[in-house]
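Written out below as structure tokens is the structure these notes cover.
Numbered from 1 within each chain, the chains take letters A, B, ... in sequence-line order.
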Amino acid sequence: MFGPELKKGSVELLVLSMLKDEARHGYQIGKLIELRSSGRLQFNPATLYPVLYRMEDRGWIEGIWVEKPGERRRCFYHLTRDGKRVLTEQTERWKEFSSAMNEAIGLSHA
Amino acid sequence: MPDWRREVRERFDLPDLKDLREERIIEEIAGQLQDFHEEALSRSLPEDEAEQYAIDRFDWTTLADGLNHSERRRRRPRFTVWTERMEGRLRLRGGLWIGLADTVQDMKFAFRQIRKNPGVTAAAVLCLAVSIGGGAVLYSTAVGTLLQPSPAKDSDRIVRIYTRWEGGNEYSSVSLPDFEDIRREVGIFDQLVLATPMSMNLTIDDQNRRVWGSLVSGDFFRCFGTEMELGRGFLPEEDETEDTHPVVVISYGFWQERFGSDPDILGQQIQINRYPFTVVGVAEKGFYGDSVGMVMRLWVPVAMHTRAAPLLTDIHKRNNHVFRSIICRLKPGVFPDQAAERVGMMRESLADRYPDLYIGKAFTVLPEKEASLDPMVRAGFVQFISFGFAIVALVLILSCANVAGLLLARTEGRRQEIGIRMALGAGRGRLIRSLLGESTAMAIIAGVLAIIIAVALNGASNGVTAPMDLPIAFGTGRTILWSDILFIFISTAVATVLISLTPAIHATRANIVSALKSGDSMLSRRAALSRRMLVMVQVAASFTLLVGGGLVLRGMEHMREIDPGFDSENQLLVSLDLAVQGYSEEEGNIFFHDLKNRLSTLPGVEAVGMAFNIPLSLMSQTHICEPEGYEAPETERLQVMVNTVDEGYFTAMGIPILEGRSFVTFDDEGTQPVLIVNEMFRDRYWPGESPIGKRVKHGDTWFEVVGMVPTGKYFALSEKPRPHYYYAFDQNYLGMMTINIRADSNPLMLVKAVRREVTDLDPMLPVGELNTMAERINFSLMPYSIASGVMWMFGFIAMLLASIGLYGLVAYFVNRQTREIGVRMALGALNSDVLRFVVGRSMRLTFIGLCIGLICATGVSVLASAAFPGIRAFEPLLMGIPLLILILIALLASFFPARRAIRITPVDALRAE
């Protein structure tokens, strides 16, 4: 488990990458992060929803209400064009940052 | 299953949310709770535990905070959201686009800062906008007149000749014989022409209308290099023999307006002063005449003067100076200086031939660039414009000082932030840009406002017309041009640079270490110095403006107090030109007498009189005379201003007869020619004697003085007392007279009745605008009322801004020196010592500001006294009152911070550390 400070700067990147392949609703996003990080990254939904709304306001993602047969209505989020661009850019920056960090602390060849 | 929606509603409060939005969030969170609940149930938890499990998944306080925060962001104006997205996109593009994104960010920050202090910012921006807008209008007026190129082509080769009277007018009119002699004997000109403006009566389709045209000599259009849209200019023979070639050239504008651009206009006849003239040409588009600011509709050869200008009589007399100027085109290779020299030699030769006529008389030769705007007008105009620019410059400096003061205070507030950013490696350029943001934002707002102000002012000034029949067209119809807009933006840019200079300098000089420390630092010390200087500038500027406003107001009052020597109340004026209607002297006499009889019986009319020149109409007539028994020194020219009036004039104008009698009906052509002189005439030529019975010679006639009236104002309110005399109308018939009617109440009530009476007598006679004497006097005072209004308005704003600046500065001192003050008080300093310490500082600044202000105010006074007659350059009271007001305001502005200083306790002082 990581402290909140470490996660703070990367929430947006995390959420965007969860939506990279398909549209998902809030519960799925939270679960998927947990699943992909083998339970090491957990988000309290209290943090997730404000982030989703903020990203929607910025035009990175868009929420659409979908009602599937036999299920209740859910809001599915998908990436917009801007969102895709931001995702690419943030992923690049993250790669650079982590490799720089790794090099700096002597893990690059480990 | 629990009602999750109700659970959510109970658990947090979303005050900032709109209903619809709230519904959506509640539904989504409730859905998520249900998911957790189902998850728990699927792990076989009992119902109550599953419910608790779902609720515990949420940190409700964090959620409420987060949602409220994101909602507040969400409800930002659409523009802000848009700029944010824009900025984000620019950053994504990288490279140079990031610079642009930074700029967007700086501007956003700037507008946020402006919004925080809307009052002070608005005052500063308004000041800036008004000064830039006012400057633009002045600039556009200056460009439209002073800098307007001559209407002549290749105007470097044009010079104009005027008559110069020793100790008098340098740019006076010229006589026909002088023109002819110069043309014949000075061989350095390609063309040499006369031109003089003339009001003419035009009849088209039985409709009469007064238009302004020029009487010009034959080579006129060739001299100006004017092409013809249609037809031709004048032929040499058309200006050789008098009264034989009634031809006219009309202006392009007139051809369009009155003749609908009729292509068959050539050869058509138009009636000028009821005499048929044949149109031989239409001047090229844009040609308005020989003088900037005077729009002529038609041109007639001088040889046709008896028809086109019946008022001009005896034009062949050498001492009859009736033509405005001689316009000459120099031969190639001849310079204006040579022309002046040759014309000077010509004058000597003429003086040898006619010694009597050239006493005190010479010629002025002006290059075209100084003469295309009539030099008499130019002089006054230059003074007025330079006075205006002085005010605008002052207000601009003041506004910039204000804005700079504001920005400096803000930079000061951001001192630590700047230090941190520099420590983190922020580039100096980036920092300066971020600091320039606010001033740029202010300048942009001011620039846009300035354009609005300039358009409005321009509209207002175009609406001003003189209540006299003159062909003046300064600014009329002029709209704001691209050049004006460019000027506005250049001024805005200059203002921005001026504004940003100080804060930017401070920011770039900041010492990181000292900036990071919260105590005294280089930056803050420098900033404080600049703020002190700015406050001084504000004090100085507001003082100067207040003094200036007072001076101009005093000037206006002074002018209003001047006794014009007649009763200006309730006078209605009607100008009639019978000469141009082809009336003979006999017919004219009958008409005027009939009209006066009819008018005097109208109800509400107290008296009726008439005069050739109504005082203060910017028109004058002078005659050379010989008062009997007066021995003039050799250099003195006995040129006296004269007028022709009827027997009712003095009563109607309320001018008392001091000695002798007024004119009477039997002062006519069959009796002894008589005159009435003014007191100044008596004092100058027969001091201490009674003028009654004495004689004055004009031409070959001896006139007997029958009365004396007080000296009044004839040409302008500001003129010095001058000798003047009146001819009797019945002995000196003139076809163009102004009837003055004194009413018992508002004279404008009579306008309709007067028009009716004139039309009854002659339906064809054009009656122009009727106006009152009061209107003419107010018109002559208009520059004063505008100038004083503007200066006081700015002075007041400046005073307000200076006091805000002073207050801010003193409060800042007190804040910074809390520790020092606290220590002093702990060591036994009395309240009065602290007061003296704090107030003394602000008063020192105020006094220095006032000293600078005194110097500037003296400069403005000197300018004002030149531009507005009647203003003295030094008025102690007008300096004293603003001085006291500003001292009082400075005391008041430092009082509140000083009171806070007294209340500082040693504990506060320690806490401040």
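Contact annotation for Trp65(A): only side-chain heavy atoms (C-beta onward) come within less than 4.5 Å of a heavy atom of chain B. Using a 4.5 Å cut-off between heavy atoms, Val51(A) does not touch chain B at all.
Using a 30° and 60° split on the angle between ring planes, Tyr27(A) and Phe36(B) fall in the perpendicular class, above 60°.
Note that CG of Leu67(B) and CZ of Arg54(A) are 11.5 Å apart. Values are rounded to the nearest 0.5 Å. Here CG of Asp65(B) is found 11.5 Å from OG1 of Thr47(A). Values are rounded to the nearest 0.5 Å.
Glu28(B) and Cys75(A) get closest at one heavy-atom pair: OE2-CB, 3.7 Å. Of all non-hydrogen atoms in Asn44(A) and Asp59(B), the two that sit nearest each other are OD1-N, 3.3 Å. Here the closest heavy-atom approach between residue Ala46(A) and residue Thr62(B) is recorded as CB-CB, 4.2 Å.
Residues Tyr49(A) and Ile25(B) fail the side-chain proximity criterion, which asks for heavy atoms closer than 4.5 Å.
With salt bridges taken as basic N to acidic carboxylate O contacts below 4.0 Å, none links Arg58(A) and Glu87(B). A salt bridge links Glu39(B) to Lys31(A): at least one charged side-chain nitrogen sits closer than 4.0 Å to a carboxylate oxygen.
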| said: Using the rule given for salt bridge (charged side-chain N to carboxylate O under 4.0 Å, His left out), can you reason through Glu56(A) versus Arg24(B), listing the C-alpha separation, both sets of side-chain angles and the distance that settles it, and then say yes or no? | reply: CA-CA 14 Å; Glu56(A) 193 178 14; Arg24(B) 176 202 160 161; 3.2 Å; yes

| request: Begin with the C-alpha distance, continue with both residues' side-chain angles, and end with the deciding distance and a verdict on side chain to side chain contact (heavy atoms under 4.5 Å, CB included) for Gln28(A) and Asp35(B). | output: CA-CA 10 Å; Gln28(A) 284 179 327; Asp35(B) 286 334; over 6 Å; no

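Between chain B and the options Pro50(A), Gly30(A), Gly26(A), the largest number of non-hydrogen pairs under 4.5 Å is found for Pro50(A).
Remark: the backbone N or O of Gly31(B) is paired with a side-chain donor or acceptor of Arg72(A) at under 3.5 angstrom.
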